[in-house]
Amino acid sequence: MANYFRLTVYHPEKDLCAILDSNGLYEKVWQFSSFLIGKNFKILEVSNKDNMIDVNIGFAEQDNSKILIRAVAHGKPKYFDHVIDGQKYKAVQVKDKIYIPVK
């Protein structure tokens, strides 16, 4: 799943945030980001399957034709500390969906 990307985005004019996945639609993460920037989204977090820890979203099946909306909420996403096996990470939450973009 080399082309599995997850972005957390914020749309200032609509005051909403989302966690979006692409699994096969884009070859490069910049293509995914560029599409969303063109729709006036601000990119807050960028991950691929190898540099994130999924907490409660799961990974989607391959889909070469769609961007997958994993969570949407009004306002900005929430950030908080999340400890896994004694290691503290900065987690991102939209609605009830949480993941950790590992930097």
Side-chain angles (χ1 to χ4, degrees):
M1 285 195 205
N3 295 5
Y4 197 110
F5 307 117
R6 179 169 289 166
L7 301 182
T8 302
V9 298
Y10 176 69
H11 197 287
E13 292 86 21
K14 298 183 189 267
D15 190 31
L16 64 86
C17 63
I19 297 173
L20 305 172
D21 284 3
S22 170
N23 186 9
L25 180 59
Y26 297 100
E27 184 177 334
K28 304 287 184 185
V29 72
W30 69 264
Q31 295 167 318
F32 189 15
S33 298
S34 179
F35 173 78
L36 294 167
I37 289 168
K39 302 291 184 191
N40 296 323
F41 283 94
K42 304 291 182 196
I43 308 299
L44 303 178
E45 302 293 340
V46 177
S47 300
N48 64 42
K49 190 168 184 194
D50 297 329
N51 72 354
M52 73 172 131
I53 299 169
D54 185 70
V55 175
N56 70 348
I57 300 173
F59 293 105
E61 304 244 343
Q62 185 166 350
D63 188 327
N64 297 336
S65 64
K66 296 181 193 136
I67 293 173
L68 307 163
I69 301 169
R70 307 316 298 264
V72 176
H74 283 38
K76 293 184 178 179
K78 296 180 176 126
Y79 289 88
F80 62 94
D81 291 335
H82 188 76
V83 178
I84 299 174
D85 297 329
Q87 176 74 35
K88 185 165 66 168
Y89 297 94
K90 186 67 72 178
V92 61
Q93 179 176 359
V94 173
K95 211 161 194 171
D96 63 341
K97 301 299 182 187
I98 301 168
Y99 79 102
I100 298 167
V102 179
K103 298 182 178 167

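These numbers were taken from a predicted model, which means no experiment stands behind them.
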Q: Is there side-chain contact between Lys76 and Leu44, with at least one heavy-atom pair below 4.5 Å?
A: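 The answer is no, as the side chains (C-beta and beyond) never meet within the 4.5 Å cut-off.
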Q: Using modelled atom types only, decide if a donor and an acceptor are shared between the side chain of His11 and the backbone of Ala18 within a distance under 3.5 Å.
A: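 Absent.
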Q: Look up atom NZ in Lys66 and atom OG in Ser22, then write down how far apart they are to the nearest 0.5 Å.
A: 12.5 Å
Q: Of the non-hydrogen atoms in Ser33 and Val46, which two are nearest, and what is the gap between them?
A: OG-CG2, 4.4 Å
Q: Between Leu20 and Ile69, is any pair of side-chain heavy atoms under 4.5 Å apart?
A: yes
Q: Taking all non-hydrogen atoms of both residues, which atom of Asn64 and which atom of Leu25 are closest, and how far apart?
A: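 For Asn64 and Leu25, the tightest heavy-atom pair comes out as O-CD1, 3.1 Å.
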Q: Quiz question: by atom type and distance under 3.5 Å, do the side chains of Tyr10 and Asp15 form a donor-acceptor pair?
A: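 Yes, a side-chain donor-acceptor pair sits under 3.5 Å.
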Q: State, yes or no, whether a side-chain contact exists between Asn56 and Lys97 at a heavy-atom distance under 4.5 Å.
A: yes
Q: Do the side chains of Ile98 and Val72 join up, straight or via other hydrophobic residues, at under 4.5 Å, putting them in one cluster?
A: no
Q: Going from CD on Gln93 to OH on Tyr79, what distance comes out if it is rounded to the nearest 0.5 angstrom?
A: 11.5 Å
Q: Could you grab the distance from atom CG of Leu36 to atom NZ of Lys42, nearest 0.5 Å is fine?
A: 12.5 Å
Q: If you compare all heavy atoms of Arg70 against all heavy atoms of Asp21, which two are closest, and at what distance to 0.1 Å?
A: NH1-OD2, 2.9 Å
Q: Which heavy atom of Tyr4 sits nearest to which heavy atom of Gly58, and what is that distance?
A: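 That would be OH-O, 4.0 Å.
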Q: Is there a side-chain contact between His82 and Ile53 (heavy atoms, below 4.5 Å)?
A: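 Of all side-chain heavy-atom pairs linking Ile53 with His82, none is under 4.5 Å.
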Q: Decide yes or no for Thr8 and Phe41: does some side-chain heavy atom of the first lie under 4.5 Å from some side-chain heavy atom of the second?
A: no
Q: Side chains of Val29 and Asn48: does their closest heavy-atom pair fall under 4.5 Å?
A: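 Heavy-atom side-chain distance check fails, nothing below 4.5 Å.
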Q: Does the side chain of Ile100 reach to within under 4.5 Å of the side chain of Ile84, using non-hydrogen atoms?
A: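 They are in contact (side-chain heavy atoms under 4.5 Å apart), so the answer is yes.
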Q: For the residue pair Asp54 and Tyr99, what are the closest heavy atoms and their distance?
A: CA-CB, 4.3 Å
Q: Using side-chain heavy atoms (C-beta onward) and a distance below 4.5 Å, is Phe59 in contact with Asn23?
A: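 No - every pair of side-chain heavy atoms lies 4.5 Å or more apart.
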Q: Verify whether the ring centers belonging to Phe5 and Tyr26 lie closer than 6.0 Å.
A: no
Q: Taking atom CZ of Arg6 and atom CD1 of Ile19, what is their separation to the nearest 0.5 Å?
A: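 Between atom CZ of Arg6 and atom CD1 of Ile19 there are 6.5 Å.
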Q: Ignoring hydrogens, what is the shortest heavy-atom contact between Asp81 and Lys90? Give both atom names and the distance.
A: OD1-NZ, 3.3 Å
